[in-house]
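Okay, so here's the structure we're looking at.
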2 protein chains.
Amino acid sequence: MSDMRAPSPYSGESLLFLTDEQLRQGIEAMFFAYRGFTADPDRILSDMAYGRAHHRAIHFINRAPGTTVNNLLNILGVTKQSLNRVLRTLIEDGLVQSLVGKVDKRERHLYLTDKGKTLEQTLSDAQRARMRSAFRDAGPDAVAGFRTVLEAMMDTEMQRAYTRLKETGQ
Amino acid sequence: MSDMRAPSPYSGESLLFLTDEQLRQGIEAMFFAYRGFTADPDRILSDMAYGRAHHRAIHFINRAPGTTVNNLLNILGVTKQSLNRVLRTLIEDGLVQSLVGKVDKRERHLYLTDKGKTLEQTLSDAQRARMRSAFRDAGPDAVAGFRTVLEAMMDTEMQRAYTRLKETGQ
DNA sequence: TTGGAATGTCAACAACACTGACGTATGTTG
DNA sequence: CAACATACGTCAGTGTTGTTGACATTCCAA
């Protein structure tokens with residue numbers, strides 16, 4: 001249903017920012033920005049035998065060392081077969097170490113090796129550089145708004161995962 | 001390369017929002033939010049024989065009726081072979097009409113049929129609903145910041161494409 | 001008019017997601 | 001202990017979406 005009406009006197013505020021045209025611009029901004037967001041790591045990875053899926057795995061293993069396969073599955077939102085293909089190559093290539101759990105031996109705990117950490121640094125440096133530049137250009141207030149809107153765009157499960165990681169980090 | 005220094009008295013402002021931790025949270029917010037952003041259309045499309053690429057093509061053909069294949073190529077940032085496969089199925093299924101250019105017969109001008117417009121409505125209604133909800137929860141100031149940061153995250157080419165579309169819309 | 005550039009199409013292949021089925025080791029519970 | 005559940009890995013098959021390479025058509029300019 002289209003929402004193209006004029007600014008209604010809804011609680012005294014203008015709702016012009018909720019017109020279909022504004023929403024469409026938001027959608028398109030999201031589309032183009034995500035391309036920029038992944039462009040630099042993608043470029044680096046294209047030279048190796050890795051892709052975006054490897055980057056995501058490496059990122060979250062670095063973020064939560066010792067995480068289990070199941071936990072990673074929930075964060076990434078893919079099937080175990082899909083993740084397993086990626087993890088297998090990363091383990092074979094010596095970027096990720098998989099250790100049998102001590103308390104629960106069914107679990108595998110995942111860690112980056114030094115080699116893995118090196119690649120993680122390379123990738124996240126590139127991605128952070130762009131994010132830093134965008135943040136700096138936009139300023140702290142814009143950044144706060146950026147994060148508020150993104151968080152409101154997530155499903156509740158993702159919000160939980162995101163918040164948990166945020167608190168883990170500090 | 002890390003930028004982990006304490007808030008410097010840079011022009012009197014705190015630069016705490018540019019710490020690595022803040023940047024990483026921005027990166028993760030982007031990752032999770034994009035999943036939410038595409039979730040609803042993806043769900044709808046999974047029942048048909050279409051995917052996200054079809055959605056993107058339909059979106060931009062709707063946005064700029066009569067656009068050429070080449071123009072669409074630049075906006076979407078994929079190879080023409082990749083786009084062609086998508087366009088072929090859309091044309092076969094009667095969602096998109098391809099007309100040989102009158103001035104330049106090499107060009108094909110693309111239009112949505114009524115059937116195509118119907119699907120476009122269904123998809124964009126779903127996507128807009130989530131965006132509207134997120135925008136409403138976040139408020140107009142946050143939305144402005146959101147768009148500022150996203151724009152700063154794009155490559156200059158994308159910024160141009162984005163701005164051109166924005167002006168086209170109104 | 002001829003050669004090169006632009007536009008679009010066809011074919012083959014790679015990356016990465018999915019479903020479904022199965023095996024193994026381990027933990028938990030009646 | 002037996003039965004069931006959980007965590008992980010794997011094999012096989014399929015679909016979408018990206019890639020390169022080769023090629024036909026059309027336009028334009030030397």
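Note that the structure is predicted; figures quoted are calculated from it, not measured.
Contact annotation for Ser46(B): no contact, since no heavy-atom pair falls under 4.0 Å across all strands.
Contacts classified as ring-ring contact (aromatic ring centres under 6.0 Å, His included) and involving residues 117-151 of chain A (residues at least two apart or in different chains) are given here: Phe135(A)-Phe146(A). Legend: salt bridge (charged side-chain N to carboxylate O under 4.0 Å, His left out) pairs involving residues 28-37 of chain A, not counting sequence neighbours, sorted by first then second residue: Glu28(A)-Arg63(B). Residue pairs satisfying the ring-ring contact (aromatic ring centres under 6.0 Å, His included) criterion with at least one member in residues 150-169 of chain B, sequence neighbours excluded, are absent. Counting only residues at least two apart or in different chains, side chain to side chain donor-acceptor pair (under 3.5 Å) contacts with residues 93-102 of chain B comprise Tyr50(B)-Asp93(B).
For the 3.5 Å distance criterion, the side chains of His109(B) and Thr68(B) fail to qualify, holding no donor opposite an acceptor. A side-chain donor-acceptor contact under 3.5 Å links Gln22(A) and Arg147(B).
Counting non-hydrogen atoms of neighbouring residues, nucleotides and ligands closer than 6.0 angstrom, the CD atom of Gln81(A) exceeds 12 such neighbours.
Using a 4.0 Å cut-off between a side-chain N of Lys or Arg and a carboxylate O of Asp or Glu, Asp155(A) and Arg160(A) do not qualify as a salt bridge. By the 4.0 Å N-to-carboxylate-O rule, Glu21(A) lies close enough to Arg24(A) to be salt-bridged with it.
Look at CG on Asn74(B): it is 12 Å from C1' on dT7(C), rounded to the nearest Å.
For Asp137(B), the side-chain hydrogen bond (donor to acceptor under 3.5 Å, both in side chains) test picks out no residue, with sequence neighbours left out. By the side-chain hydrogen bond (donor to acceptor under 3.5 Å, both in side chains) test, Asp42(B) pairs with Arg52(B), sequence neighbours left out.
Contacts of residues 90-112 of chain A with DNA chain D (heavy atom under 4.0 Å): Arg106(A), Glu107(A), Arg108(A). Near DNA chain C, meaning a heavy atom under 4.0 Å away, there are no residues from residues 32-44 of chain A.
Taken over five-pair windows at either terminus, the axes of the helix from dT1(C)-dA30(D) to dG30(C)-dC1(D) are inclined to one another by 10° (rounded to 10 degrees).
Phosphate proximity of dT10(D) to Asn84(A): present, with a side-chain N or O under 4.0 Å from OP1 or OP2.
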Validation: residues 69-78 of chain B side-chain donor-acceptor distances under 3.5 Å, sequence neighbours left out:
residue  : atom : partner  : partner atom : Å
Asn71(B) : ND2  : Thr67(B) : OG1          : 2.9
Asn74(B) : ND2  : Asn70(B) : O            : 3.4

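Leu99(A) belongs to a hydrophobic cluster whose remaining members, ordered by chain and number, are Tyr111(A); membership requires side-chain heavy atoms of ILVMFWY residues under 4.5 Å apart, directly or through intermediates.
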Reading 5' to 3' through nucleotides 15-21 of chain D, protein heavy-atom contacts under 4.0 Å coded B for base, S for sugar-phosphate only, - for none: -SBBBBB
